[in-house]
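Here the structure comes first, spelled out in structure tokens, and everything after it is commentary.
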There are 2 protein chains.
Amino acid sequence: MAYTERVWGNAGSPARANGAESEDGWQEFARSPRVKTQRYGAHDAIFYEGDPAERVYELIEGAVMLFKLLPDGRRQVVEVIGPDSLFGVVAGRHFDCNAETLTPSVVRVLDRRELEASPEFQAHVSRCLRRQIERLHDHALLLGRKSAFERVASFLIRFVPGRGINGCAGPQNEKDEEVIELAMTRQEIADYLGLTIETVSRVISDLKRRGLITIEKQDRIRITDVCGICHQTGTR
Amino acid sequence: MAYTERVWGNAGSPARANGAESEDGWQEFARSPRVKTQRYGAHDAIFYEGDPAERVYELIEGAVMLFKLLPDGRRQVVEVIGPDSLFGVVAGRHFDCNAETLTPSVVRVLDRRELEASPEFQAHVSRCLRRQIERLHDHALLLGRKSAFERVASFLIRFVPGRGINGCAGPQNEKDEEVIELAMTRQEIADYLGLTIETVSRVISDLKRRGLITIEKQDRIRITDVCGICHQTGTR
DNA sequence: CGCGCCCTTGACCAGACTCAATATTAGTGG
DNA sequence: CCACTAATATTGAGTCTGGTCAAGGGCGCG
């Protein structure tokens, strides 16, 4: 299970280096006896769209995807959640999407009412939601305006910590390489990027042909030229 | 300016009928002397991507769009904001997108630090953000999986209060009609729906040809068959 | 009345989808 | 360890939706 450790670790986010907003209260709350920890296998459903939203979830370890379905079966993965993120926090009384694990995961399950009644923890929730919104904005840009190549390149670069983001440091070593674990099938990637499985496959093959990546396993990819991939994202 | 009144009023959201979470504290805060009200004309910039995010904005009246740009000029409108919504609430130190008015607007400008230091108002922020996330999820589904027709139909139905949503009441009168004010140019609609201006125009013309809508003015549309449009959204 | 901006329409093109065949991988049991 | 199977991924050929480029129309405003 160790292979999921760094995956979806929200490489690009400013994360919790924000000293101004203390996390102490949250940590204390999270350890209270009312909070239980749940383990899931890979590809387990956590909740469904329309279920009463009485709980709030925090991912401790692993990866979870949120997706929506159209009546004819089309699926859109709206978010992929990494560790230390909340999910299932909705405005209304029912979940607006489905949640399913990608990898075996550890999830903290919190009572929604209890959480909402605790003003001191709203800060934590708020910070999580704001990060989430920024990621959703990026994703809207990807879905609305990027080509298939740009979508896949943007997807790959997400897995490389500190690269492909605003203050990208550039290559750190001689070799600008990185091995990444997608932890998603081609179908899941396609549904996340708003493409078909065939298009995803073709783009990946093409990147391979052009020497930018090599496939070590179906979902383990060695990016042999991180900068090269980055220049395919459309963002720079 | 009255014509913007109901537009983008977030017809489909559960809104603030939630008695459990009091709005009193928020209202009080909003009236404090530190909070100023700003007026903008149509198509005025409010802030730019990358600007230091020292303020938080609440739209009182009008309509605002948030958009991102790619270096080559491609634009994606990531959100359209209606009255009683917050915007410019980010996790990091800089805005992640641009904000521009669509119509003449009244905006409440709040100091970010002050807001974050007030636990009693985090509840308000949190509620706004959660609604925002649900709308972004819907939009990801639209951008990732819907056809041009479905996108435009989904866009149009947003303007009809109580219709096209989960608990849709169906037609209330004999005539299933509604006149809506888009308050957006074709280009803005295209950038919102991830299409080109020409495609938007063609779809609208086609809906007109099929007798589902009539154009009263470029951005005033009479939907002559709301149910008919609704069945084009892909959602049912 | 005329100018400029936005919108519409048409013809053509291309990127991504569909359908179908084949290849590869992961998993199972001998 | 290998053979077999089922699931997943790749590749190819052909189609189609939506994009591009270009021309024309309509509306608002000076």
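Every chain is numbered from 1, with letters handed out A, B, ... down the list of sequences.
With hydrogens and angles left out, the side chain of A:E198 and the base of C:dC19 share a donor-acceptor pair within 3.5 Å. Judged by atom type and distance alone, B:R202 reaches the base of D:dT20 through a side-chain donor-acceptor pair under 3.5 Å. Not a single donor-acceptor contact under 3.5 angstrom links the side-chain atoms of B:Q218 to the base of C:dC5.
Atom CE of A:M184 and atom C1' of D:dT8 are 15 Å apart (whole Å). Separating the CD atom of A:Q187 from the P atom of D:dA9 is a distance of 8 Å, rounded to the nearest angstrom. Taking atom CZ on A:R186 and atom P on D:dT8, their separation rounds to 12 Å, with Å as the unit. D:dT10 atom P lies 12 Å from atom CG of A:L207, rounded to whole Å. Atom pair B:I197:CD1 and C:dG10:P shows a separation of 17 Å (rounding to whole Å applied). B:R220 has its CZ atom 11 Å from the P atom of D:dG28, to the nearest Å. Note: CZ (A:F149) to P (C:dA14) measures 16 Å, nearest angstrom. The interatomic distance linking A:D191 (CG) with D:dA9 (P) rounds to 12 Å, in whole Å.
Among the protein residues, B:I204 comes within range of no part of the nucleic acid, since none of its heavy atoms lies under 4.0 Å from any strand. When heavy atoms are screened at a 4.0 angstrom cut-off, A:S205 is found touching the sugar-phosphate backbone but no base atom.
Residue B:L195 places its side chain closer to D:dG19 than to any other of D:dG19, D:dG28, C:dT9. Distances from the side chain of B:T185 to the nucleotides C:dT8, C:dC7, D:dG18 place C:dC7 closest.
Of the two residues near DNA chain C, A:R151 and A:K217, the one whose nearest nucleotide lies more 5' is A:R151. Between A:R145 and A:V200, the residue anchored nearer the 5' end of DNA chain D, judged by the nucleotide with its closest heavy atom, is A:V200.
For D:dG19, the OP1/OP2 oxygens have a side-chain nitrogen or oxygen of B:T199 closer than 4.0 Å. In this structure, A:T196 reaches the C:dC17 phosphate: one of its side-chain N or O atoms is under 4.0 Å from OP1 or OP2.
There is a side-chain donor-acceptor pair under 3.5 Å between B:K146 and B:T235.
More than 12 heavy-atom neighbours from other residues, nucleotides or ligands sit within 6.0 angstrom of NZ on A:K217.
In this structure, B:Y57 and B:F95 have tilted ring planes: the angle between them lies in the 30° to 60° band.
Residues B:R151 and B:L143 form a side-chain contact, since some pair of their non-hydrogen atoms from C-beta on lies under 4.5 Å apart. Looking at A:E150 and B:R74, their side chains come closer than 4.5 Å, going by heavy atoms from C-beta outward.
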